[in-house]
Structure formats: C-alpha cells, structure tokens
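This report concerns only the one structure given below.
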Number of protein chains: 2
Amino acid sequence: MKVTIKDVAKYAGVGVGTVSRVLNHGSVKETTRHKVEAAIKKLNYQPNTYARGLKANRTNTIALIIPTIWHPFFSEFAYYIEKYATAMGVKLFLCNANHNSEKEYEYIQMVKRNKVDGIIGITYSNIDQYLSSHLPFVSIDRHFSEDVVYVTADNEAGGRIAVQELIKRGCQSVCFIGGYQQIPNETKKRRQAFERTCQEQAISYSILDLEEPILDLDKQLTSFFLSQPEIDGVFAINDTMALDVITCLKKLNKSVPEDVQVIGFDGQKISEHADYLVSSIVQPIDQMAKMAVQRLTEIIDGKQVVKRTVLPVKFVPGDTTLFVQT
Amino acid sequence: MKVTIKDVAKYAGVGVGTVSRVLNHGSVKETTRHKVEAAIKKLNYQPNTYARGLKANRTNTIALIIPTIWHPFFSEFAYYIEKYATAMGVKLFLCNANHNSEKEYEYIQMVKRNKVDGIIGITYSNIDQYLSSHLPFVSIDRHFSEDVVYVTADNEAGGRIAVQELIKRGCQSVCFIGGYQQIPNETKKRRQAFERTCQEQAISYSILDLEEPILDLDKQLTSFFLSQPEIDGVFAINDTMALDVITCLKKLNKSVPEDVQVIGFDGQKISEHADYLVSSIVQPIDQMAKMAVQRLTEIIDGKQVVKRTVLPVKFVPGDTTLFVQT
DNA sequence: TCCTATTTTGGAAACGATTCCATTTTAATA
DNA sequence: TATTAAAATGGAATCGTTTCCAAAATAGGA
C-alpha cells in the first residue's frame with residue numbers, strides 16, 4: 001500500500017541512494033534519472049515528511065502567533081504572512097494566543113520539538129523572554145529584549161502625522177484615546193509622538209489612557225467626552241478603537257466628521273477589496289509581513305540579521321475627517 | 001547540545017524503553033518514573049516530533065483551506081477551527097487558496113506526504129473530487145461528490161426566514177442579490193428558498209444574479225436599482241454583498257432602512273467584541289467549526305461518520321432593517 | 001590496449017522515537 | 001522458604017529518509 005523509497009529503488013533497479021539523489025541535489029546519470037523518475041511516477045511515490053525531517057532537522061514550517069485571527073488587522077497580516085511564506089516554500093502554523101500565555105508557551109515548546117523552524121509573533125505577553133535566547137523569532141511591533149529581531153511600522157511618525165492632519169483640518173482641541181495593551185511595545189510611541197507634537201504645535205490636548213483589560217469601554221468613553229465637550233479631534237490608538245469612539249460620539253449626537261474628526265491607526269479594511277473603515281494612519285501591512293518572513297528566513301539560515309526594521313506609514317483620509325485641499 | 005531519549009535514559013540510569021513508557025502509556029514503577037521525570041526536567045528533554053511521526057504515522061496536524069483569511073467570515077471560522085483543534089491537541093496549517101487550485105492541490109499532496117492528518121476546506125474549485133476518495137476531508141458548505149463529508153448551515157431556512165422578516169417589516173417588493181460563486185454549493189439554496197418563499201407568500205420579487213468574476217459591481221448594482229425603483233427590501237447573498245448594496249443605495253439617495261431594508265447572510269462581525277455589520281441571517285460559525293473538527297477527527301480515527309451535518313441559522317436584526325414588535 | 005582520474009552507484013549507518021520480546025525483578029501464595 | 005505468577009525493565013528492531021564511503025563503471029590519455 002504505502003510506497004517507500006525502497007520500492008522505487010527496486011522497481012527502477014537501482015539503489016536507494018540513487019533514488020534519493022534524484023530527489024534532491026543529484027549527480028545522477030541521465031538514463032538512470034529517467035528510470036527513477038518513471039518509477040516514481042508509476043508508483044506514485046511521495047516522500048515521507050517525517051523521515052525527511054528526522055534527518056534534515058528542518059521542516060520548512062513556521063508558526064504565526066497572534067492574539068486572534070478574528071480581527072481585520074491580524075487577518076490581513078496573516079494573509080500576507082501566508083502569502084510570502086508560501087512563496088518561499090514555507091508552510092504556516094496558525095496560533096491564536098488569545099492573551100493566553102500558556103498557549104504561547106506551548107507553541108514555543110513546539111519549536112523546540114522541531115516541529116517548526118521559527119516563529120513570527122505579535123504578542124503582548126512576555127514570550128520573547130523565552131525566545132531571546134537562540135530560537136529563530138521575529139517580533140512585530142515589539143522589542144522587549146535586546147536580541148529580538150523586530151519589524152514595526154513607524155509609529156512615531158504616525159502619531160506626529162495624525163496631529164498634523166487634525167490641525168490641518170481645523171481642529172482646536174484634540175485628544176488621544178488608547179489603552180488596550182499594557183506591556184511596553186512600539187505602539188506606545190503613537191501616544192508619545194502625539195503628545196510631543198501637540199506641545200510643539202501648541203494645541204490644546206488631552207489623553208485618555210484606558211487600563212487593560214478594558215471594562216465598560218462605552219461608559220468610559222461617554223464620560224470622557226461629556227467632560228470634555230470642546231474636543232473636536234480624536235486620534236485613536238487603532239481603528240477598532242476609532243470605531244468604538246465613533247459609535248459613542250453618535251450616541252452623544254455629535255456628528256463625525258462635522259463636529260468631531262477621528263483618525264485611527266492601522267488602516268483596517270475588512271477584506272481585500274473593501275474600503276477602509278475610517279480615516280487612518282495606514283501601516284504597510286503587506287511590507288511588514290514580507291519583511292518579517294524575510295528576516296525570519298535569514299535567522300533560520302544563520303545569516304547576519306538587521307535587528308530593527310521600521311517601515312513608513314501614511315495618512316489615508318476616509319469619511320471620518322473633513323476634506324481639505326492638498 | 002540536543003537531548004535525545006538516550007541521554008535521558010543514561011542520565012536516569014534506565015533503558016530507553018522505560019523512558020518511552022514514562023512518556024506514553026506507561027506501566028512503570030513509581031520510583032523509576034520519578035527518576036525518569038527528574039532526568040527529563042533536568043535535561044530539558046523535548047521529544048522529537050519527526051521521530052515520533054515516523055513511527056506513529058500520525059501528525060496531529062490538520063490543514064484549513066479557505067479562499068482567504070482576510071475576510072471576516074473566514075477569519076472567524078478559522079478562529080474557531082483553531083480553537084477546537086487546539087483543544088483536541090491538533091495543530092493547524094493555514095492555507096489561503098485564493099482561488100488558486102494549484103495551491104489547493106499542493107495541500108492535498110501534503111496529506112499524502114503525511115504532513116497533515118486531514119483537511120477542512122471551504123473551497124470553490126473542485127478540490128473535493130481529489131479528496132472524496134479516501135483522504136480525511138471535511139467540506140464546508142459544499143458537497144460536490146457523494147462521499148464528501150460536509151458541514152453546512154441551514155441555508156434553506158435562511159432564505160425563507162429572510163423573506164419572512166422583510167415581509168414582516170412591511171416590504172412590498174423584494175429582491176435577491178447574489179453571485180460571487182459559480183460552482184454548485186449549499187449557498188445556492190439561499191436563492192432557491194428566497195424565490196420559493198416569495199412565490200408562496202405572493203410578494204413581488206426579482207433576482208440579480210451576478211456572474212463571477214464580478215466586474216463593476218457598483219455599476220451593476222446601480223443600474224439594477226435604477227431600473228427597479230420600487231424595491232424596498234433586499235436579501236443579499238452575504239454580508240459583504242449587503243455592505244456593497246448599502247453603499248450603492250446611499251449613493252442613490254435611498255436611506256437604509258427607511259427606504260430600503262437590507263438583510264445579509266453570515267452574521268459578520270469584524271472581531272469578537274464588535275457589533276454585527278448588518279441585519280443578517282447568522283450562521284452558527286462556532287458550531288460549524290466545532291462540528292467540522294469533530295467530523296474530521298472521526299474520519300481520521302476511522303470511525304463511521306455522518307456525511308451531512310446541517311446547523312440552524314437565525315435572524316439577527318441590526319441597523320439595516322426596521323424595528324418591529326416581536 | 002592499459003592505466004589512471006573521474007563520475008556514478010549501491011548500501012550501511014544514522015536520525016530519534018516506539019514497540020515488542022526476552023529477561024529480570026517483585027509480589028503472592030503455599 | 002520455595003515456587004510461580006505478575007509486573008517492570010532493557011535493548012534490539014523498526015519506521016523512511018539522507019549521507020557518506022567504498023566499490024564499480026566510465027572516460028580520458030598515453
């Protein structure tokens with residue numbers, strides 16, 4: 001029933017070594033190669049991945065650890081990771097960490113059991129402590145420890161641009177609404193750059209920093225906006241938050257963008273051909289994914305790797321900011 | 001550097017068989033078990049998956065083939081598949097088929113190379129022909145050939161309910177807008193049930209069947225609605241289409257739901273805690289995923305399997321239909 | 001044609017686990 | 001204590017590859 005390399009060898013009248021050589025980097029005589037290939041086709045031979053993996057100690061598989069695939073940003077990211085991984089002949093394990101560090105840990109164990117060659121992770125727990133050692137790992141938006149290779153969008157510039165765009169559109173009083181993650185990561189820079197730019201531009205601003213886990217988001221937003229009715233521009237930590245803000249503002253009978261303009265972050269679309277959900281600082285997700293796969297491959301191949309990769313963002317106006325002549 | 005079972009055996013002063021027995025179904029004396037476990041911990045031993053797979057001929061890995069993860073329906077589905085798979089100790093390969101049958105085929109080859117134990121697929125090409133034979137495969141929304149095990153929502157009921165809900169809300173002239181896939185699948189029943197129910201209820205109706213691939217969707221929708229201004233109720237093949245319809249209607253200065261009410265299908269949310277996007281016939285995605293994993297496991301374990309699993313849908317009102325007293 | 005250099009080939013060893021069988025240890029019974 | 005049954009254990013064989021080395025085939029040169 002099951003066809004092995006021995007069957008092929010016997011059928012072709014050669015040794016197993018020869019078949020193996022045909023399969024891989026072969027220096028085999030043309031005529032024998034033909035015989036072997038005929039046998040492979042005839043018997044419909046499929047090399048056993050496990051036997052291969054056992055020798056080669058390489059699986060051509062990577063794992064993607066994300067909080068949850070069920071989110072436009074992560075699903076887009078996963079889409080591109082899969083795309084570029086496949087293009088390089090690498091398969092992808094999907095792991096929804098779900099803020100469950102046990103699950104993350106289990107996946108790391110998997111690496112050690114050599115089921116995967118490396119990991120790409122967007123993680124908000126302290127996973128990289130385990131990894132900072134010597135396992136192939138690329139982090140997204142996060143560089144907790146020194147040796148971690150990471151890829152990130154230019155959050156710094158994003159925060160600055162957001163403020164500038166709001167001012168350009170006539171906002172007098174802006175705010176930043178963030179939270180969601182408590183662990184230090186690159187996204188914190190959005191807030192920092194926002195604050196610094198506001199000071200530089202001398203515009204009145206405030207900041208709402210929500211503690212994670214966020215309970216009663218709607219309530220907190222409502223009381224914030226009620227207490228600060230002068231706010232006419234919002235920079236939200238991400239598009240999901242922006243949507244929540246918009247929902248809240250509508251309930252308060254403020255219209256977007258006429259009364260309050262909102263800029264998010266990420267550039268979420270719910271699928272490839274859809275529109276952007278809100279005006280947003282768009283991350284180059286495609287490029288980030290590409291670079292992440294590339295960097296990981298470099299690590300796996302033992303090459304010298306650039307630790308920090310920062311990719312540019314841009315503002316894309318949508319329905320939640322006013323139109324301005326450029 | 002690399003710790004094998006031999007190292008553990010030597011360190012613990014026992015034979016390799018004993019270590020293996022501790023690791024698996026062990027009948028081992030308590031004292032030796034302790035010694036071995038201590039050694040395992042001390043040496044930080046991780047069993048090599050490939051060596052295991054080679055003997056066991058089982059990988060505890062399944063593949064999920066979907067058109068694209070970058071879509072709320074599929075990403076939610078993938079989320080639950082991963083959840084239930086992980087709960088059963090099964091890992092998940094992600095494959096965006098992207099209407100690329102070569103990629104699908106590559107995954108089938110993978111099964112044969114025993115890299116995965118089975119496949120769950122939402123596919124619009126004819127992949128299940130390859131699979132229907134003897135490979136573990138569960139199809140979603142599709143049963144092209146007889147032997148295919150499949151899981152689906154009750155699309156039939158969905159189409160019926162949609163019409164009833166529109167009528168209940170006062171619609172006088174309804175339409176179905178579909179297309180997107182040309183290959184026979186369970187979603188066709190939405191259209192059939194719509195049509196039949198309209199006839200039964202004696203309501204004026206029309207149908208817009210868009211040919212795939214859909215070019216100029218917006219244009220086609222616009223001319224359809226212009227030519228049929230009396231339409232006040234729309235049943236869209238899925239929520240994505242519903243969103244496109246709504247966008248189009250707004251451009252035509254028709255307000256939703258006052259002028260035209262819209263019901264979609266799927267029950268899409270863009271993430272776990274978000275609102276539904278539109279009024280919709282909600283599929284029990286969670287349950288569908290659960291059943292899919294369960295059925296696949298049954299097949300892999302060689303059990304007798306129910307071929308057809310149909311799960312109930314329900315209508316969830318959103319902002320795109322009028323409020324009615326229930 | 002013969003001898004050497006090169007290419008091609010066969011097959012044993014190795015990868016790291018599991019499993020089975022023979023052997024030893026332990027427990028139970030008389 | 002002696003005898004036997006049961007439980008625990010060690011280790012060889014096995015899974016299907018790849019790799020390496022020695023042997024065989026071929027080519028080249030005189």
Side-chain angles (χ1 to χ4, degrees), chain A residues 1-40 43-61 89 109-117, chain B residues 1-41 43-61 89 91 109-117:
Chain A
M1 185 72 256
K2 179 149 287 184
V3 184
T4 76
I5 201 171
K6 271 188 194 162
D7 300 315
V8 176
K10 197 185 294 173
Y11 189 92
V14 301
V16 290
T18 305
V19 177
S20 178
R21 252 158 282 157
V22 170
L23 254 36
N24 310 302
H25 49 73
S27 106
V28 192
K29 197 165 51 162
E30 204 54 21
T31 55
T32 23
R33 156 164 274 128
H34 286 322
K35 272 194 298 182
V36 172
E37 280 169 348
I40 288 173
L43 300 176
N44 191 26
Y45 165 72
Q46 296 284 350
N48 180 308
T49 311
Y50 281 79
R52 279 194 160 165
L54 183 56
K55 287 273 342 173
N57 211 42
R58 173 102 184 236
T59 69
N60 288 318
T61 298
Q109 295 305 93
M110 229 176 71
V111 184
K112 295 194 180 158
R113 271 178 261 138
N114 18 355
K115 210 165 184 168
V116 301
D117 298 334
Chain B
M1 186 72 258
K2 178 149 286 182
V3 186
T4 75
I5 200 169
K6 270 188 194 161
D7 301 314
V8 175
K10 198 184 292 173
Y11 189 92
V14 301
V16 290
T18 305
V19 177
S20 177
R21 251 157 282 156
V22 169
L23 254 37
N24 309 304
H25 47 75
S27 105
V28 192
K29 198 165 51 163
E30 206 53 20
T31 55
T32 22
R33 155 164 277 130
H34 286 321
K35 274 194 297 182
V36 172
E37 279 168 350
I40 287 174
K41 185 162 282 179
L43 300 176
N44 191 25
Y45 166 71
Q46 295 286 348
N48 180 306
T49 310
Y50 280 79
R52 279 193 160 167
L54 183 55
K55 287 259 9 160
N57 210 40
R58 173 103 183 234
T59 70
N60 289 318
T61 299
K91 302 275 175 264
Q109 295 304 96
M110 242 175 63
V111 183
K112 296 195 180 156
R113 269 178 266 137
N114 21 13
K115 207 164 187 169
V116 300
D117 298 334

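A, B, ... follow the sequence lines: proteins, then strands. Residue 1 opens every chain.
- Taking atom CZ of B/Arg33 as the reference point, atom C1' of D/dA7 lies 14 Å away to the nearest angstrom.
- Rounded to whole Å, atom C1' of C/dT9 lies 10 Å from atom NZ of A/Lys35.
- Counting atom types as modelled, A/Arg113 pairs no side-chain N or O with a base atom of C/dG16 as donor and acceptor under 3.5 Å.
- Of the candidate nucleotides C/dG10, D/dG10, C/dT19, C/dG10 has the atom lying nearest to any side-chain atom of A/Val14.
- When the side-chain nitrogen and oxygen atoms of A/Ser20 are compared with OP1 and OP2 of D/dT17, none of them lie within a distance under 4.0 Å.
- Residue A/Gln46 is in sugar-phosphate contact alone, with no base atom involved, counting any heavy-atom pair closer than 4.0 Å across all strands shown.
- Look at A/Tyr45 and you'll find a side-chain N or O under 4.0 angstrom from OP1 or OP2 of D/dT17.
- Of all heavy-atom pairs between B/Val36 and B/Ala12, the closest is CA-CB, 4.1 Å.
- Using a 4.0 Å heavy-atom distance criterion, A/Thr32 is classed as a sugar-phosphate-only contact.
- For the pair B/Asp117 (side chain) and B/Thr59 (backbone), a donor-acceptor distance under 3.5 Å is present.
- Here the P atom of nucleotide C/dT18 and the CG atom of B/Asn48 are 10 Å apart, to the nearest Å.
- Note on B/Thr4: only backbone sugar-phosphate atoms sit closer than 4.0 angstrom, heavy atoms only; bases stay farther off.
- Atom CG of A/Asp7 is separated from atom P of D/dC15 by 11 Å (rounded to the nearest Å).
- Residue-to-nucleotide contacts include no donor-acceptor pair under 3.5 Å from the side chain of B/Arg52 to the base of D/dG16.
- Contact check, B/Thr18 against D/dT9: no side-chain N or O comes under 4.0 Å of OP1 or OP2.
- A straight line from OH of A/Tyr50 to C1' of D/dT17 spans 14 Å, rounded to a whole angstrom.
- At the heavy-atom level, B/Lys55 lies under 4.0 Å from base atoms of the strands shown.
- B/Lys6 has its NZ atom 13 Å from the C1' atom of D/dG10, to the nearest Å.
- Counting only heavy atoms from C-beta on, A/Arg21 has its side chain closest to C/dT9 among C/dT9, C/dA17, C/dC20.
- Computed from coordinates, the B/Ile5 CD1 to D/dA12 P distance equals 15 Å when rounded to whole Å.
- Between the side chain of B/Thr61 and the backbone N or O of B/Lys91, no donor-acceptor pair lies under 3.5 Å.
- Interatomic distance, B/Thr4 OG1 to B/Lys10 NZ, rounded to the nearest 0.5 Å: 8.5 Å.
- Each of D/dG16, C/dG11, C/dT26 was ranked by its minimum atom distance to the side chain of B/Lys29; first place goes to C/dT26.
- A donor-acceptor pair is defined here as one N or O able to donate and one able to accept, closer than 3.5 Å; such a pair exists between the side chain of A/Arg21 and the backbone of A/Gly17.
- As judged by a 4.0 angstrom heavy-atom cut-off over every strand, A/Asn24 is placed among residues touching the sugar-phosphate backbone only.
- Across A/Val16 and A/Ile5, no two heavy atoms sit closer than the pair O-CD1, 3.9 Å.
- Mapping B/Leu54 and B/Val16 onto DNA chain D by nearest heavy atom places B/Val16 at the nucleotide closer to the 5' end.
- We find that CG of B/Asn57 is positioned 17 Å from P of D/dT14, with the value rounded to whole Å.
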